[in-house]
Amino acid sequence: MSKRAMKNYETSQRPAKESKKHWSLGLLESMKDPDSIYKETDRLVVIRDKYPKARIHYLVLPKEEISSIFKLNKTHLDLIDELGSMYKSIKNDHTESDLVAGFHAIPSMQRLHMHVISKDMDSKCLKTKIHWNSFTTSFFIPFDDLLKKLEQDGCIERISNETHKALMSTPLKCNQCSFEPKNMPQLKQHLLSHVK
DNA sequence: GTTCTAGAAC
DNA sequence: GTTCTAGAAC
(Lines give C-alpha, C1' and ligand atoms only; values in the text may rest on other atoms or scores of the structure.)
Protein backbone atom coordinates (compact mmCIF):
# COMPACT_ATOMS: atom_id res chain seq x y z
CA MET A 1 0.00 0.00 0.00
CA SER A 2 1.39 3.43 -0.94
CA LYS A 3 1.85 6.14 1.68
CA ARG A 4 -1.05 8.07 0.14
CA ALA A 5 -3.29 4.98 0.17
CA MET A 6 -2.30 4.29 3.78
CA LYS A 7 -3.16 7.83 4.78
CA ASN A 8 -6.55 7.59 3.01
CA TYR A 9 -7.22 4.25 4.71
CA GLU A 10 -6.42 5.63 8.13
CA THR A 11 -8.56 8.72 7.75
CA SER A 12 -11.52 6.83 6.31
CA GLN A 13 -11.48 3.96 8.82
CA ARG A 14 -10.87 5.95 11.97
CA PRO A 15 -14.09 7.44 13.37
CA ALA A 16 -13.92 11.21 13.27
CA LYS A 17 -13.86 12.72 16.74
CA GLU A 18 -16.62 15.10 15.69
CA SER A 19 -18.98 12.21 14.87
CA LYS A 20 -18.69 10.63 18.31
CA LYS A 21 -21.68 11.57 20.37
CA HIS A 22 -21.85 11.24 24.10
CA TRP A 23 -23.71 8.14 25.30
CA SER A 24 -26.22 10.26 27.22
CA LEU A 25 -27.64 11.52 23.91
CA GLY A 26 -28.55 7.99 22.80
CA LEU A 27 -32.31 8.35 23.27
CA LEU A 28 -32.41 11.30 20.87
CA GLU A 29 -30.90 9.03 18.23
CA SER A 30 -33.31 6.17 19.00
CA MET A 31 -36.29 8.54 18.69
CA LYS A 32 -35.31 9.07 15.05
CA ASP A 33 -34.69 5.39 14.31
CA PRO A 34 -37.72 3.69 12.72
CA ASP A 35 -36.51 0.32 14.02
CA SER A 36 -36.65 1.59 17.61
CA ILE A 37 -40.04 3.32 17.40
CA TYR A 38 -43.00 1.36 18.75
CA LYS A 39 -45.64 4.05 18.27
CA GLU A 40 -45.94 7.80 17.91
CA THR A 41 -48.40 10.69 18.38
CA ASP A 42 -48.20 14.43 17.62
CA ARG A 43 -46.36 15.11 20.87
CA LEU A 44 -44.90 11.72 21.93
CA VAL A 45 -42.63 8.95 20.70
CA VAL A 46 -42.57 5.46 22.23
CA ILE A 47 -39.38 3.45 21.67
CA ARG A 48 -38.29 -0.02 22.69
CA ASP A 49 -35.53 0.23 25.30
CA LYS A 50 -32.24 -0.66 23.63
CA TYR A 51 -31.28 -2.75 26.68
CA PRO A 52 -34.66 -3.94 28.01
CA LYS A 53 -34.68 -4.88 31.70
CA ALA A 54 -37.84 -7.00 31.36
CA ARG A 55 -39.75 -8.91 28.69
CA ILE A 56 -41.58 -5.67 27.88
CA HIS A 57 -39.75 -2.38 28.30
CA TYR A 58 -40.69 0.81 26.47
CA LEU A 59 -39.69 4.43 26.90
CA VAL A 60 -42.23 7.20 26.31
CA LEU A 61 -40.66 10.54 25.37
CA PRO A 62 -42.01 13.97 24.42
CA LYS A 63 -40.87 15.42 21.10
CA GLU A 64 -40.56 18.73 22.93
CA GLU A 65 -37.01 19.40 24.12
CA ILE A 66 -37.38 18.68 27.84
CA SER A 67 -34.07 17.31 29.10
CA SER A 68 -35.33 15.66 32.30
CA ILE A 69 -37.91 15.52 35.08
CA PHE A 70 -36.10 18.43 36.75
CA LYS A 71 -37.22 20.79 33.96
CA LEU A 72 -40.92 20.08 34.54
CA ASN A 73 -43.34 22.69 35.85
CA LYS A 74 -47.12 23.12 35.97
CA THR A 75 -47.26 24.19 32.31
CA HIS A 76 -46.33 20.58 31.49
CA LEU A 77 -49.32 19.00 33.28
CA ASP A 78 -51.18 18.43 30.00
CA LEU A 79 -48.10 16.72 28.57
CA ILE A 80 -47.81 14.48 31.63
CA ASP A 81 -51.48 13.67 31.18
CA GLU A 82 -50.66 12.51 27.66
CA LEU A 83 -47.93 10.27 29.05
CA GLY A 84 -50.60 8.74 31.26
CA SER A 85 -52.86 8.16 28.27
CA MET A 86 -50.00 6.53 26.41
CA TYR A 87 -49.36 4.27 29.40
CA LYS A 88 -53.00 3.16 29.22
CA SER A 89 -52.68 2.61 25.49
CA ILE A 90 -49.60 0.42 25.92
CA LYS A 91 -51.35 -1.55 28.67
CA ASN A 92 -54.19 -2.19 26.22
CA ASP A 93 -51.65 -3.60 23.78
CA HIS A 94 -50.32 -6.00 26.43
CA THR A 95 -53.29 -7.14 28.52
CA GLU A 96 -51.42 -10.38 29.32
CA SER A 97 -48.62 -8.55 31.12
CA ASP A 98 -48.40 -6.65 34.40
CA LEU A 99 -46.94 -3.27 33.43
CA VAL A 100 -45.75 -0.39 35.58
CA ALA A 101 -44.90 3.16 34.47
CA GLY A 102 -42.51 5.58 36.09
CA PHE A 103 -39.38 7.69 36.06
CA HIS A 104 -35.91 7.32 37.51
CA ALA A 105 -35.24 9.81 40.31
CA ILE A 106 -31.89 10.57 38.66
CA PRO A 107 -32.01 9.82 34.92
CA SER A 108 -28.80 9.04 33.04
CA MET A 109 -30.02 9.75 29.54
CA GLN A 110 -31.04 13.09 28.10
CA ARG A 111 -34.71 13.83 27.20
CA LEU A 112 -37.52 13.30 29.66
CA HIS A 113 -38.53 9.65 29.49
CA MET A 114 -41.09 7.46 31.22
CA HIS A 115 -40.35 3.75 31.56
CA VAL A 116 -43.18 1.32 30.84
CA ILE A 117 -41.90 -2.04 31.99
CA SER A 118 -43.32 -5.45 32.85
CA LYS A 119 -42.90 -6.73 36.40
CA ASP A 120 -41.29 -10.01 35.35
CA MET A 121 -37.88 -8.30 35.11
CA ASP A 122 -36.79 -11.30 33.06
CA SER A 123 -34.06 -10.10 30.71
CA LYS A 124 -30.46 -10.87 29.88
CA CYS A 125 -29.82 -7.09 29.98
CA LEU A 126 -30.71 -6.99 33.68
CA LYS A 127 -27.28 -7.57 35.18
CA THR A 128 -26.45 -5.36 38.15
CA LYS A 129 -27.77 -4.38 41.55
CA ILE A 130 -28.06 -0.83 40.23
CA HIS A 131 -30.31 -2.05 37.41
CA TRP A 132 -32.49 -3.84 39.93
CA ASN A 133 -32.70 -1.10 42.53
CA SER A 134 -33.42 1.58 39.94
CA PHE A 135 -36.73 -0.14 39.15
CA THR A 136 -37.67 -1.71 42.49
CA THR A 137 -36.84 0.91 45.14
CA SER A 138 -38.22 4.45 45.57
CA PHE A 139 -35.59 5.47 43.02
CA PHE A 140 -38.41 4.52 40.65
CA ILE A 141 -41.07 7.27 40.77
CA PRO A 142 -44.43 5.80 39.70
CA PHE A 143 -46.34 7.83 37.12
CA ASP A 144 -49.13 8.76 39.57
CA ASP A 145 -46.61 9.96 42.16
CA LEU A 146 -44.85 12.23 39.68
CA LEU A 147 -48.16 13.66 38.49
CA LYS A 148 -49.27 14.40 42.07
CA LYS A 149 -45.90 15.94 42.93
CA LEU A 150 -46.06 18.23 39.91
CA GLU A 151 -49.65 19.27 40.71
CA GLN A 152 -48.82 19.98 44.33
CA ASP A 153 -45.28 21.42 44.19
CA GLY A 154 -44.99 22.55 40.57
CA CYS A 155 -41.62 20.83 40.20
CA ILE A 156 -39.66 17.63 40.82
CA GLU A 157 -36.74 18.11 43.15
CA ARG A 158 -33.43 16.28 42.92
CA ILE A 159 -32.67 13.67 45.58
CA SER A 160 -29.41 14.02 47.54
CA ASN A 161 -26.27 12.09 46.64
CA GLU A 162 -26.58 10.36 50.01
CA THR A 163 -30.13 9.24 49.28
CA HIS A 164 -29.08 8.11 45.82
CA LYS A 165 -26.20 6.08 47.24
CA ALA A 166 -28.42 4.53 49.91
CA LEU A 167 -31.12 3.50 47.40
CA MET A 168 -28.57 1.87 45.10
CA SER A 169 -27.12 -0.02 48.08
CA THR A 170 -30.50 -1.42 49.13
CA PRO A 171 -30.15 -5.19 49.68
CA LEU A 172 -31.67 -7.27 46.91
CA LYS A 173 -35.30 -8.22 47.40
CA CYS A 174 -37.74 -9.82 44.98
CA ASN A 175 -40.32 -7.39 43.58
CA GLN A 176 -43.04 -10.06 43.68
CA CYS A 177 -42.48 -11.81 47.03
CA SER A 178 -40.37 -11.56 50.19
CA PHE A 179 -37.40 -13.53 48.86
CA GLU A 180 -34.01 -11.93 49.54
CA PRO A 181 -31.43 -13.35 47.13
CA LYS A 182 -27.73 -13.39 48.00
CA ASN A 183 -26.65 -12.09 44.62
CA MET A 184 -27.85 -11.18 41.13
CA PRO A 185 -27.61 -14.64 39.56
CA GLN A 186 -29.74 -16.01 42.40
CA LEU A 187 -32.28 -13.21 41.92
CA LYS A 188 -32.50 -13.83 38.19
CA GLN A 189 -33.01 -17.55 38.75
CA HIS A 190 -35.70 -16.81 41.34
CA LEU A 191 -37.56 -14.40 39.05
CA LEU A 192 -38.20 -17.27 36.63
CA SER A 193 -40.30 -18.99 39.30
CA HIS A 194 -42.82 -16.15 39.06
CA VAL A 195 -43.24 -16.33 35.29
CA LYS A 196 -42.98 -20.05 34.59
C1' DG B 1 -26.46 4.31 29.91
C1' DT B 2 -22.70 0.03 28.80
C1' DT B 3 -18.19 -2.31 28.71
C1' DC B 4 -14.29 -4.04 30.77
C1' DT B 5 -11.79 -6.21 34.25
C1' DA B 6 -9.26 -6.16 38.97
C1' DG B 7 -9.78 -8.08 42.99
C1' DA B 8 -13.24 -9.17 46.55
C1' DA B 9 -16.15 -12.86 47.91
C1' DC B 10 -17.00 -17.40 47.91
C1' DG C 1 -9.88 -21.76 41.38
C1' DT C 2 -14.22 -19.66 40.01
C1' DT C 3 -17.96 -16.44 40.60
C1' DC C 4 -19.44 -12.01 41.23
C1' DT C 5 -19.29 -7.10 42.06
C1' DA C 6 -18.06 -2.38 41.48
C1' DG C 7 -15.35 1.45 39.68
C1' DA C 8 -12.90 3.72 35.50
C1' DA C 9 -13.65 5.11 31.01
C1' DC C 10 -9.43 11.44 28.88
Side-chain angles (χ1 to χ4, degrees), chain A residues 10-11 13-38 44-72 83 87 90 99-143 146 156 158-175 179-193:
Chain A
E10 285 176 354
T11 52
Q13 295 299 312
R14 188 193 310 139
K17 276 183 185 173
E18 297 75 27
S19 72
K20 285 183 185 171
K21 292 180 180 172
H22 194 261
W23 55 263
S24 66
L25 300 172
L27 296 183
L28 304 179
E29 293 298 309
S30 295
M31 286 177 76
K32 294 183 288 189
D33 175 12
D35 291 340
S36 297
I37 296 174
Y38 171 61
L44 304 178
V45 179
V46 184
I47 61 174
R48 298 172 188 83
D49 195 294
K50 192 174 179 182
Y51 299 91
K53 304 302 187 295
R55 291 184 178 187
I56 297 169
H57 189 182
Y58 297 111
L59 300 177
V60 185
L61 312 94
K63 293 178 179 177
E64 187 182 341
E65 289 185 16
I66 302 169
S67 61
S68 77
I69 52 174
F70 307 122
K71 294 289 193 287
L72 292 172
L83 292 178
Y87 172 33
I90 296 172
L99 302 181
V100 293
F103 307 78
H104 284 157
I106 300 181
S108 298
M109 308 289 277
Q110 214 159 331
R111 183 58 56 90
L112 175 71
H113 56 282
M114 178 176 75
H115 294 266
V116 176
I117 184 167
S118 55
K119 286 183 183 174
D120 54 82
M121 301 299 281
D122 174 29
S123 168
K124 64 178 181 184
C125 297
L126 179 76
K127 296 175 177 176
T128 71
K129 190 175 188 176
I130 289 173
H131 289 155
W132 182 256
N133 283 339
S134 68
F135 286 100
T136 61
T137 69
S138 60
F139 186 81
F140 189 78
I141 307 172
F143 170 78
L146 182 122
I156 306 299
R158 188 176 284 274
I159 63 172
S160 70
N161 288 342
E162 289 71 26
T163 302
H164 183 199
K165 199 172 169 182
L167 288 174
M168 289 306 124
S169 304
T170 305
L172 298 176
K173 182 181 177 306
C174 179
N175 63 332
F179 182 60
E180 296 181 357
K182 285 187 168 57
N183 53 39
M184 285 301 295
Q186 193 173 112
L187 170 60
K188 290 174 68 64
Q189 178 63 36
H190 168 80
L191 287 169
L192 295 177
S193 72

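Reminder, nothing fancy here: chain letters follow the sequence lines and each chain counts from 1.
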Rounded to the nearest 0.5 angstrom, the NZ-CG distance for A:Lys188 and A:Leu126 is 4.5 Å
Evaluation steps, side-chain contact (heavy atoms from CB on, under 4.5 Å), between A:Arg111 and A:Glu65: CA-CA 7 Å; A:Arg111 183 58 56 90; A:Glu65 289 185 16; 3.3 Å; yes
Cation-pi check, A:Arg48 onto A:Tyr58 ring (under 6.0 Å, within 45° of axis): no
Just call it for A:Lys50: base, sugar-phosphate, or nothing, with non-hydrogen atoms closer than 4.0 Å on any strand. nothing
Kindly indicate, with the supporting measurements, whether the criterion ring-ring contact (aromatic ring centres under 6.0 Å, His included) is fulfilled by A:His113 and A:Phe103. CA-CA 7 Å; A:His113 56 282; A:Phe103 307 78; 8.1 Å; no
Counting C-beta onward and ignoring hydrogens, is there a side-chain heavy-atom pair between A:His104 and A:Ile141 closer than 4.5 Å? no
Which heavy atom in A:Leu146 sits nearest to a heavy atom in A:Ile69, and how many Å separate them? CD1-CG2, 3.9 Å
Give me the atom names and distance for the closest heavy-atom approach of A:Lys119 to A:Val100. CE-CG1, 3.4 Å
Paired and unpaired positions of DNA chain B as dot-bracket, Watson-Crick or G-U wobble under 3.5 Å, | denoting a partner strand: .|||||||||
Closest non-hydrogen atoms of A:Cys125 and A:Pro52, given as atom of the first, atom of the second and distance, are CB-O, 3.2 Å
DNA chain B contacts among residues 108-121 of chain A, heavy-atom distance under 4.0 Å: A:Ser108, A:Met109
Counting only heavy atoms not in A:Lys71, do more than 12 fall under 6.0 Å of its NZ? no
Pick base, sugar-phosphate or nothing for A:Lys182, based on heavy-atom distances below 4.0 Å to the nucleic acid. nothing
For a 4.0 angstrom threshold against heavy atoms of chain A, report the outermost contacting nucleotides of DNA chain B in 5' to 3' order. B:dG1 to B:dT3
Just checking A:His22: base, sugar-phosphate only, or nothing, at a heavy-atom cut-off of under 4.0 Å? nothing
Is the gap between the ring centers of A:His115 and A:Tyr87 under 6.0 Å? no
Heavy atoms only, 4.0 Å cut-off, all strands: where does A:Pro185 land among base, sugar-phosphate and nothing? sugar-phosphate
